[in-house]
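A short worksheet on the structure shown next.
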Amino acid sequence: MSPTRWDFPVELCCRPMAFVTLTGLDVVYNAVHRAVWDAFCANRRADRVPISFKVLPGDHEYPKCRSKRTSYEWYIPKGILKTGWMNKHLNLVPALVVVFYELDWDEPQWKEKQSECATRVEIVRQSLQGRNTKVAVVLIQKKAPLPPGEDVIASERAAALCNVCELSGKSLFVLPHTDHLVGYIIRLENAFYEHAQTYYYTEIRRVKSHKEFLNKTTHQICRLCFQHNTPLDAIAQFRKHIDLCKKKIGSAELSFEHAAWMSKQFQAFGDLFDEAIKLGLTAIQTQNPGFYYQQAAYYAQERKQHAKALCNHDASVTYPSPDPLETQTGVLDFYGQRPWRQGILSFDLSDPDKEKAGILAIQLKERSVVHSEIVITLLSNAVAQFKKYKCPRMKSHLMVQMGEEYYYAKDYTKALKLLDYVMCDYRSEGWWTLLTSILTTALKCSYLMAQLKDYITYSLELLGRASTLKDGQKSRIEKNLMNVLMNESPDPEPDCDTLAVKTAQKLWADRVSLAGSNVFTIGVQDFVPFVQCKAKFHAPSFHVDVPVQFDVYLKADCPHPIRFSKLCVSFNNQGYNQFCVLEEASRASEVLENLTQGKMCLVPGKTRKLSFKFVAKTEDVGKKIEITSVDLVLGSESGRCVVLSWQGGGGDAASSQEALQAARSFKRRPKLPDNEVHWDSIIVQASTMIISRVPNISVHLRHEPPALMNEMYCLVVTVQSHEKSQIRDVKLTAGLKPGQDANLTQKTHVTLHGAELCDESYPALLTDIPVGDLHPGEQLEKTVYVRCGTVGSRMFLVYVSYLINTTVEGKEIVCKCHKDETVTIETVFPFDVAVRFVSTKFEHLERVYADIPFLLMTDVLSASPWALTIVSSELQLAPSMTAVDHLESQVDKVVLQTGESASECFCLRCPSAGNVEGGVATGHYIISWKRASGMDSIPVIRTVITLPHVIVENIPLHVNADLPSFGRVRESLPVRYHLQNKTDLVQDVEISVEPSDAFMFSGLKQIRLRILPGTKQEMLYNFYPLMAGYQQLPSLNINLLRFPSFTNQLLRRFIPTSIFVKKLAIEYLGRRGDSWMTPLLLLRDDQDQPSVFRQRPQGSAYETHCDLEL
Amino acid sequence: MAVCIAVIAKENYPLYIRSTPTEDELKFHYMVHTSLDVVDEKISAMGKALVDQRELYLGLLYPTEDYKVYGYVTNSKVKFVMVVDSSNTALRDNEIRSMFRKLHNSYTDVMCNPFYNPGDRIQSR
């Protein structure tokens, strides 16, 4: 037997296919038959049904079916499954025999042909005697078939044929020899496959009914199940199979064979499973091929152990001769039979010697098997699977086992590589027992290879708090570590292969003799070493004029005290590193040695505090000082030394979780002596800020908020020194605080000179204005002017910096101190300006009329909380406007308190200006002002207000009236109307005057006249007032025939409609008791219309009453 | 009887782990540790189901040749893992459930102990 005797035979490993034979095809001489055959077997693609075809003559002899015994006893001793069985069913005994026969439905000699066909079927049946093989008939026809049901002859004859051949209708097929041959063939083939399957199912049932062990068939059953997409059935079948076979160990001397067999079973199932997955089956996390490979690996390990126990023969034992494992034929009748027991019918060991020799031969063969290799292959298969199915921990576990297997196989390099790879997974999840176990193996590997750095690293961790080793073992490891550090060889690790230890000892001896490369730096942040470290600055920030202080806490977890030779701390600013080194006292100062000895020794479980102090550099003000690493040196540079390097302020792979637990804990910690601290209560503080010295000056601001827009706002800064010594280089920075809205920067300007207005070129922030030195107690004042171009609030910064000399730890340093003040100042408009256009009758105007004078009224309302002086005001008219009157200011030197307003009135006229879109520009109104409290030196601010545009409208006829300011009862009142034609046309004008009760009049009552373009017409009337008081004039109505839009309403805007008529030149001042007469009446000679009268309703009883009284 | 019982913290480190055949303790540690793969997967599949509707018992995690591993997760994501001998057919799903319930009760008792700091290893007498 070959060493591959656990491999499956070829016929088991191939894809099982239904075996179908085709008869009645003459593929050599008949072209039609040839084409049919080619269509069946040429270019079979994977998507076609799995059938293997064979063309055989109709009278082919199939393997004869043996007569079945009624009892099973007869079979048992010989074996279970004959080696030829699978081959027989795959390649010799068909599932279906197909008889091809050329016959058309309309065959004239139908009877003869029918009986010939039946004979052929009969012959096939004969040769298959005793087997359940199916038979089918295919009629090759020349004519294309009619649709089913239409061909009456066909259905009749088909039924008759079936009857004669003893076939079911399902087993009769028609193959028309037409263009679509391949399509028909594929349909046929599928039908064949169905028949074949029915056959195999009945066969399986028949075989199963034997209730025998189906060892080898399990494989095929499972494969079929996978193929049929029923993986659960496959798994169930396999489980059944395994559960059945697990207990059948067989010969105790050859128990490894059973393990090997089991391993193979699992591996094979894993392969099958994997193959099915590749064909599209989906596996899940808990049910994937990895589990089977894993189990296969376990059995392989078991096999190794059994083999180790059973096959440890002396070298003197020789292989028996003649070889009991050889048979004459080289093949076996049955699967799994002992070669030397061929044909033996009973369990009785007829020949004990032969038996012994056989077992010995197998055992000796087993010795040459490289078990570890098998195990590792299986494990790595499993790893690949578990990786795929999201089982990281399972993967790690298998990798550990692979590593261990490599260790047994003495491939320490690979072992170490694997173990090192997975260690961090167990470490990060805190499974210390498992980590310790892995580390122990890794330590052995590193010892056996004399890998110094690895050996030290693993020792460090095995001594640490994460290790679950007993103290005794820790003690041994610590001793070894000390030996290594003293340049000596360590003792071998327990349970190591003696031969390997010998090699290792030599390697270690070589290492000792080799000089150089004796410093090992080990970054500890990724593991859990036996020394813990925490660094802590005393404060999160230090002023530059006090020393920076911090402590380094160390704690050892190993069983024996340990001495270190050096501790150094590194910072992000390496300049400080030199101040933070603790080293063994040099030989020269032996007096000190005794003192430091205690300091340099770490007692297990005790927290050791080491304090450091240094003076920060003044240029580091505002910067962070960070501990980048803490390095602890074990051993001496003369021997070997290890540098444990903590990143940042200490901490290793386990410390963050510990810190969290400590923070959660409510436990009261027992009281310790004064200078000792609890390890858990120390919190790492790895960085600190250097901040500037506390200033000892005062900065005051004096100002009068709010600021008025565009004014030179005065800000007085007072700086007073409270320092004990002179301060130098005092500098002032003042202005808009940076970091605000960018628009504010554009609209804020700062200057030191208030006498002139500053413009855009001035900055928003004045920086580092030197203001000289200050003696203790002295104070200085500086005025800053700010001009704000927009309203809103702004933050202003006043920052005073200075230099002062001071001493820290006997070292003189120059400190830069600074003090800043911020102030928020609101900027407001100083006043609101309102502008109105009114007619000469003080009526509000929507629009003005060309050439007709109107009034422009301005109101300046102070909004400032401080009194304002209006230095002057000025009206700058646009070219389109002309002044009717003088334009000098009416509000010069007026002081406005909050809420007060100053108004001006200007009479203007706008010449005709065509039709301008958006109106005509009026001009500007300029106000020059300053704070009333402002000094003379403060410049006056000119605020320019753009006046609104006004819409100018032309009118065709300009009418104005000349009349006295008042009339007297029964005194003539001459009124002259001027009518001016403003158009280029001759105007037809209808004029009428309507009489009024209060007047008699003379003049043209109704007239129609023409006015030439640009000319004037005068109308003179003599009114004669009849009644006193405010009387309506006889109304003038003008009708322009060409301009119907010129209405009398429009006309009334330009000409007076009423006049005050006086009666007597006396003054009456009185008060009536009647309630409707409550307003004070004022009647005065030479007076224009008193306002009280104007408000009276017209035509009321008052006038009459008045008349009666007087 | 279970052959191994483990209480695993939310962060997946063991709070308590004990196996009855003490000679092969490591094997059970590995078994419990690897079963966390399945627990993690089941918890993430559970998603954000309503807390009161959530089933704490996770069922059979995975079968090995000789053992069955069952899982249970509390609302605070503390996991219980139990390893049972495969040959022990007396233990049906219901028995396993009730064992887990008992274990959960004991765990709750531990948590109620004012001297116990959540997250520390659990000591058992």
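- Heavy-atom pairs under 4.5 Å with chain B were tallied for Gln295(A), Lys390(A), Lys395(A), Gln294(A); the largest tally goes to Gln295(A).
- The backbone N or O of Arg97(B) lies less than 3.5 Å from no partner atom in the side chain of Tyr72(B), so there is not a single donor-acceptor pair.
- With Thr436(A) contributing its side chain and Thr468(A) its backbone, the two residues share a donor-acceptor pair below 3.5 Å.
- The aromatic rings of His397(A) and Tyr30(B) lie parallel to each other, their planes meeting at an angle below 30°, with 60° marking the opposite boundary.
- Proximity to chain B is limited to the side chain of Tyr299(A), based on heavy atoms less than 4.5 angstrom apart.
- Between chain B and the residues Phe291(A), Trp431(A), Tyr298(A), the largest count of heavy-atom pairs under 4.5 Å involves Trp431(A).
- Partner Arg393(A) forms a side chain to side chain contact (heavy atoms under 4.5 Å, CB included) with one of Val38(B), Asp37(B), Val39(B) and no other, that one being Asp37(B).
- The part of Leu61(B) that comes within reach of chain A is its backbone (N, CA, C, O), which places non-hydrogen atoms under 4.5 angstrom from that chain.
- Looking at Tyr57(B) and Tyr70(B), their side chains come closer than 4.5 Å, going by heavy atoms from C-beta outward.
- For chain A, the nearby part of Phe115(B) is the backbone; its heavy atoms alone come within less than 4.5 Å.
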(request) Go through Glu25(B) and Arg18(B) one step at a time and tell me if the salt bridge (Lys or Arg N to Asp or Glu O under 4.0 Å) criterion holds. (result) CA-CA 8 Å; Glu25(B) 215 177 4; Arg18(B) 180 107 174 236; over 6 Å; no
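- Note: Tyr426(A) leads Phe386(A), Tyr389(A), Tyr426(A), Phe266(A) in heavy-atom pairs under 4.5 Å with chain B.
- When heavy atoms are compared at a cutoff of 4.5 Å, Glu429(A) approaches chain B by way of both its backbone and its side chain.
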